[in-house]
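Working notes for the structure below.
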Amino acid sequence: MYSPEVTQASNFVQGVDTAFLVILGISFFFLIVLTVVMIYFIYKYNRKRNPVATQIHGNTTLEIIWTVVPFLLTMVMFYYGWAGWKPMQKAPKDSMEITVYGRMWNFSFEYENGKRTDTLFLPKDQPIKLNLVAMDVLHSLYIPAFRVKQDMVPGMENNFMWFEPQREGIFELYCAEYCGLQHSYMYTYVKVMEENEFTDWLVDTTQVAALDIESPTATGKRIMQNIGCFACHSLDGSKLVGPSFKGIWGEEHTVVTGKETRQVLVDEEYIKSSIYDPNEDVVEGFSKGLMLSYRGQLSDDDITNIVEYLKTLK
Amino acid sequence: MQTAHSANEANYLTYKGKYKGLLGWIFSTDHKRIGLLYLYSILTMFSVGVLLGLAMKFELLAPGKTIMEAQTYNSAFTVHGVIMIFMVVIPGLPAVFGNIMLPIMIGAKDVAFPKLNLLSWWLYVLGVILVLAALMFGSGAPDTGWTFYAPYSFKSGTNLLPAVFGAFVLGFSSILTGLNFLVTIHRLRCPGMKWTKMPLFVWTLYGTAWIQLLATPVVGITLVLVALERMFGIGVFDPALGGDPVLYQHLFWIYSHPAVYVMILPAMGAISEIIPTFSQKQIFGYKAIIASTMAIAFVGYLVWGHHMFTAGMSGTAQYYFSLLTFIVAIPSAIKVFNWISTMYKGSINVQTPLYWAASFVFVFLIGGLSGLVLGALATDIYVHDTAFVVAHFHYIVFGGTGFAFFAAAHYWFPKIYGRMYDKGWANTGWLVFFIGFLALYTPMFYLGMMGMPRRYYDYLDEFHSGNILSTFGSWIMVTGLVIIVVNLVRSARKGEPAEMNPWHSKTLEWTVSSPPPVENFDELPVIAEDDGPYNYK
Amino acid sequence: MENNANGEHVHYDAEASKIGMWLFIFTELLLFGGLFLIYSVYRFKNPEAFHLAAEELNTSIGALNTVLLLISSMTIAMSTTTLLLKKKGATLGLLAITIIIGIVFLVNKYFEWGVKFDHGIWPGSEHLLNDFSQGEILFFGLYFVMTGLHALHIIIGLAIIVAAIIRIRKGTVHENRAALLENAGLYWHLVDLIWIFLFPLFYLIT
Amino acid sequence: MSEEKHHIVPYRVYIIVLLALLALTFASIGITSIELGEYTVAGALIFACIKSFLVLTYFMHLKYDKKYIRAMVVFVFVIFVVMIVITFLDYLYR
Ligand code: HEA
Ligand code: HEA
Ligand code: CUA
Ligand SMILES: [Cu+2]
């Protein structure tokens with residue numbers, strides 16, 4: 001974003017903004033000159049002032065000039081565009097790697113030590129490499145303040161982006177590739193902190209310790225928040241993309257398995273299979289294929305915690 | 001359709017053939033009647049598109065829900081995009097003014113295959129019906145965006161099949177029109193009408209027709225694959241089965257980038273007719289303009305990847321596409337320079353079509369120059385998929401093609417209907433429309449630079465002010481549109497009878513009566529050696 | 001042309017209809033072109049899998065079909081010559097042979113697909129999804145789409161030839177008005193042309 | 001315009017072309033059954049190109065038609081090849 005407070009938020013801002021200035025400069029020049037000349041001609045050679053036109057068929061020199069000059073100018077613009085983009089292609093070796101999972105409709109970030117969050121916490125002045133994993137459809141990770149954007153393509157290897165945050169603060173992070181119903185709500189924030197503050201945050205064992213003593217219910221809720229279940233499931237009984245979790249435990253639900261419709265009791269096993277193989281039993285009235293398997297992302301323990309939490313939703 | 005007409009000999013509007021009334025129109029193989037059929041059907045679809053556009057703008061007036069749900073909004077921009085692109089601007093100028101004017105401009109009695117021409121229109125109608133069926137029946141209007149990107153287009157629970165199939169049929173209609181024009185231009189030019197004596201509008205139709213012919217089948221097969229994927233799961237673009245979503249984008253843009261030149265080339269052609277006529281002057285650099293037309297048509301095939309700079313393409317491909325994108329901008333620049341030079345030392349007759357043409361040049365400049373921002377790598381990474389892109393293409397698609405369409409409509413109106421419109425109202429309409437246009441789309445450039453992504457149903461508070469201005473602009477513009485359309489519709493029925501050549505133009509369509517007779521020419525015209533489409537003495 | 005005032009027929013312009021046909025062939029070529037593009041990309045990404053999957057296909061049937069199509073291409077090409085030499089009987093005979101060969105081609109195709117179906121291989125089948133690698137799924141997806149679309153073109157080609165036969169018998173297509181037959185020929189050659197590439201790409205590169 | 005003069009292609013030409021095409025078909029089957037590694041694809045495609053050239057020139061009469069039709073055909077093939085090459089700029093360097 002172009003407000004003065006957020007300039008230089010990353011190492012790419014300079015290059016991109018220079019390209020902008022060069023291209024916009026040339027563009028405004030041509031726009032203004034050509035418009036003025038055109039209006040002037042319409043005025044000056046108006047039928048009233050100039051009743052007889054002078055026939056001119058063309059002028060080869062002029063044609064050549066106005067082919068070559070714009071050509072050179074476009075090459076200048078291309079150069080600046082290229083120069084600002086080139087460094088984005090390769091991440092430095094010492095980058096800190098973070099894996100980003102994008103799914104309908106939230107992001108989650110996994111750090112090297114296994115910590116997972118739904119907000120991107122970053123240390124200042126440290127190259128960061130984000131490995132992008134799309135779980136379902138295309139998404140695009142866009143941090144305007146850093147001037148970076150990269151699509152997250154399901155199934156693509158080596159899908160990454162990198163940058164070096166250079167300013168502390170909180171910045172917006174959007175999903176920029178259309179991904180369905182809640183695309184416009186698929187945003188979160190980046191928080192850039194001082195190096196040591198970040199290290200403290202990263203290894204903050206108090207939170208992990210709290211996890212252990214806290215009830216499984218609370219843990220389950222946190223897991224679900226971090227991984228984004230609530231993008232599709234409400235707690236208050238309203239129908240979003242998926243069925244609401246309100247009072248779900250112990251209910252009888254009508255599901256479609258293959259072609260047949262049957263009744264199931266929502267118990268531990270059913271919830272587990274709903275999370276691991278959501279498209280085996282599809283709840284009546286909802287579409288298949290929207291919720292995707294969380295196998296590999298959620299462990300059995302996680303699911304036990306989730307179940308404990310779901311039990312409390314009366 | 002036309003009632004009172006005083007002309008003594010039958011013109012194409014009053015002529016009565018085998019069928020009476022409406023049937024005499026929808027079964028007519030007369031190129032002029034088909035052109036008007038296209039005009040009316042395109043305008044109908046256009047109003048649907050405009051209403052959806054206005055609804056979207058209303059929704060964006062304030063953050064949060066204003067009038068519709070997110071699902072409705074997503075369907076709205078999808079259907080808006082599909083209608084505007086596939087049903088309005090791609091067929092727009094070629095199928096309407098191309099059909100009506102092309103044969104007359106080259107001195108022919110009709111197109112090469114009149115029945116095929118009628119078939120194209122029928123296919124157009126069929127395509128429209130299919131897309132509309134997708135809206136009304138089944139599980140809801142499609143919500144994938146007009147780009148139908150995989151894999152979301154396989155996942156969406158909405159009624160996509162008829163829409164995709166409709167787009168396919170529309171593509172087929174467009175191919176047949178292109179084929180017809182190519183053969184017509186090759187075979188039916190009147191004696192003496194050498195390639196270098198063809199009006200520039202005809203030249204642009206020629207370039208356009210090649211694009212329609214060679215690019216459309218690629219998107220056709222891509223859409224078929226999307227349909228097959230949804231029906232049978234063949235896996236071609238489904239990452240879960242090993243398919244590559246980026247390949248889908250390649251195929252889609254292989255067509256859809258050239259398609260943007262299908263939209264703009266005939267528009268440029270119309271402008272190249274209007275500017276010399278109202279300057280009463282030979283067009284500047286006739287051959288340079290032809291060369292740039294063909295260059296755009298050709299190089300336009302090679303740059304599709306500039307829509308995919310963030311899609312995960314290889315760096316080499318990005319580099320290359322950006323470079324070629326800049327090359328394709330140059331022929332457009334050449335045209336602009338030649339148009340402006342044509343006015344130099346002319347004797348300029350300031351009339352409604354010239355207002356439209358001059359404002360076309362202005363908005364086309366803005367649209368085109370903002371295209372350069374998008375073509376450069378670093379800047380596109382930043383503004384890709386933001387409101388900036390939306391501003392770019394509204395400026396150039398609708399500023400470019402739309403303004404040229406109105407310019408052409410006001411230019412050829414007397415010829416088509418044999419009546420003159422009220423010039424005062426026409427100019428007022430233009431002014432209101434122009435102001436509304438600027439107010440509607442300029443803020444979107446700003447919003448995009450601030451980082452507001454496109455296809456956003458809801459937005460953060462910081463984007464509020466820009467959106468308010470833009471929404472107000474949409475209301476002003478629609479007022480202008482209403483003035484223009486009401487004026488034209490009234491004049492088509494009640495206007496003053498028009499002369500044969502009200503603008504003192506030199507192209508052939510002005511040598512026949514207004515409206516043209518059924519057969520266009522009693523005797524085929526012959527172009528003398530020193531004659532030409534722009535020979536103002 | 002019903003609506004033309006003088007009610008005269010459109011004048012016969014063989015050149016125009018020939019260009020028209022060629023232009024149509026161009027769009028057809030690019031229609032398949034898109035598929036060939038997809039094929040080449042996926043082949044490039046999954047060379048082994050394509051290799052393996054191609055072994056499932058029966059080269060003999062493929063080769064037989066190639067030979068058939070080539071012969072039919074010749075017979076239809078010859079039929080123009082006979083028509084121009086005013087040998088109506090021979091023309092009809094050659095066209096009949098072409099049609100028969102076309103039908104035999106389709107029958108072969110039917111059995112070939114049938115065998116695949118018996119093996120449980122069809123788009124989206126359980127067997128394909130569970131027991132094959134992603135590259136192989138892609139191969140078979142493309143195989144069915146491309147040969148299927150090609151077969152559809154054979155059927156269209158046959159229809160055009162039938163139309164030509166009817167017109168020749170009625171006498172509206174003759175040595176001075178041969179455009180319809182020539183266009184039928186062009187279309188049939190297009191079908192042949194595409195097969196010339198499909199055959200090595202699917203059956204041979206094993 | 002109706003009395004265009006047709007070039008009547010003799011039967012012999014067609015038969016020779018057919019024989020050539022059949023020979024090429026068997027040659028390409030032969031060549032691909034030998035293990036050539038990467039060159040198998042190239043080999044098979046070269047044979048296919050020669051065959052299509054024959055079909056285009058003789059069966060489809062390009063040899064006897066006006067030049068501009070030939071130019072158009074060449075143009076279409078060029079566009080198609082360029083399309084593939086450009087797409088591979090992405091896949092080769094990914
Ligand atoms: C009529 C249709 C039309 C036309 C003519 C153009 C013309 C151009 N377009 Fe545009 N474009 C679209 C319709 C069109 N576009 C649409 C619909 C989209 C969005 C699709 C979607 O995602 O939904 C799009 C998106 C789009 C993108 C992708 C953006 C993104 O998604 O990130 C890019 C990127 O390069 C681009 C570039 C260009 C360029 C360089 C030109 C050039 O041809 C412009 C050339 C013109 C000029 C340059 C002005 C005249 C020149 C001068 C006065 C001289 C001075 C000039 C120089 C010094 C060079 N366009
Ligand atoms: C020709 C193309 C065209 C036209 C005319 C318009 C007209 C309008 N568009 Fe456009 N729009 C698109 C093509 C067009 N649009 C496309 C392709 C998209 C992308 C969809 C996607 O993301 O998938 C889009 C997306 C889009 C969005 C963005 C959605 C998002 O990203 O969140 C918005 C937002 O408000 C919008 C608004 C409007 C409005 C208010 C109008 C109108 O109401 C303005 C009113 C118009 C007039 C008053 C007259 C214009 C006159 C002419 C064009 C000449 C007539 C020509 C003939 C009859 C042939 N459109
Ligand atoms: Cu995720 Cu948009
Ligand atoms: Cu483009």
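For clarity, every value in this text was computed on a predicted model and none was experimentally measured. First the proteins, then the strands, lettered A, B, ... as listed; each starts at 1.
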For a ring-ring contact (aromatic ring centres under 6.0 Å, His included) check, start with the C-alpha distance between Trp304(B) and Phe252(B), then their side-chain angles and the critical distance, and finish with the verdict. CA-CA 9 Å; Trp304(B) 72 81; Phe252(B) 182 83; over 10 Å; no
Any idea which of Thr184(B), Ile254(B), Leu116(B), Val236(B) has the most non-hydrogen atom pairs under 4.5 angstrom with chain C? Val236(B)
Heaviest contributor of heavy-atom pairs below 4.5 Å to chain C, chosen from Leu118(B), Leu225(B), Thr216(B), Thr222(B), is Leu225(B)
What about the rings of His186(B) and Trp195(B), do their centers lie closer together than 6.0 Å? yes
First locate atom CD of Glu182(C), then atom CG of Leu83(C), and finally report the distance between them rounded to the nearest 0.5 Å. 8.5 Å
Under 4.5 Å to a heavy atom of chain C? For Tyr255(B) that would be neither
Non-hydrogen side-chain atoms of Phe321(B) and His307(B) separated by less than 4.5 Å: no
Does any backbone or side-chain atom of Leu214(B) lie under 4.5 Å from a heavy atom of chain C? Answer side chain, backbone, both or neither. both
Is any residue of residues 136-143 of chain C within less than 4.5 Å of chain B by heavy atoms, and which ones? Ile137(C), Leu138(C), Gly141(C), Leu142(C)
Give a yes or no on whether Phe111(C) atom CZ has more than 12 heavy-atom contacts from other residues, nucleotides or ligands under 6.0 Å away. no
Under 4.5 Å from a heavy atom of chain C, the part of Leu241(B) involved: both
Sort Asp238(B) into side chain, backbone, both or neither according to what part of it lies under 4.5 angstrom from a heavy atom of chain C. neither
Structural part of Leu251(B) lying under 4.5 Å from a heavy atom of chain C: side chain
Contacting region of Leu213(B) [heavy-atom separation from chain C under 4.5 Å]: both
Min side-chain heavy-atom separation Thr66(C)-Ile196(C) under 4.5 Å: no
Could you tell me whether the side chain of Arg167(C) and the main chain of Ala163(C) form a donor-acceptor pair under 3.5 Å? no
With a 3.5 Å distance limit and no angle check, can you tell me whether Thr98(C) reaches the backbone of Leu94(C) through a side-chain donor-acceptor pair? yes
Is Arg43(C) reaching over with its side chain to a backbone N or O of Pro47(C), donor-acceptor style, under 3.5 angstrom? no
Can we call the ring centroids of Trp195(C) and Phe105(C) under 6.0 Å apart? yes
Determine which residues belonging to residues 18-40 of chain C lie within contact range of chain B, meaning some heavy atom pair is under 4.5 Å apart, and list them by number or answer 'none'. Ile19(C), Gly20(C), Leu23(C), Phe24(C), Phe26(C), Thr27(C), Leu30(C), Leu31(C), Gly34(C), Leu35(C), Leu37(C), Ile38(C)
Is any side-chain heavy atom of Asp110(B) closer than 4.5 Å to one of Leu188(B)? no
Check each of Asn117(B), Asn520(B), Asn99(B) against His31(B) using the side-chain hydrogen bond (donor to acceptor under 3.5 Å, both in side chains) test, and report the only one that passes. Asn520(B)
Under 4.5 Å between any side-chain heavy atoms of Val303(B) and His257(B), yes or no? yes
Pick one of side chain, backbone, both or neither for Ala240(B), based on which atoms fall under 4.5 Å of a heavy atom in chain C. backbone
Do any N or O atoms from the side chain of Ser314(B) and from the backbone of Ala317(B) form a donor-acceptor pair under 3.5 angstrom? yes
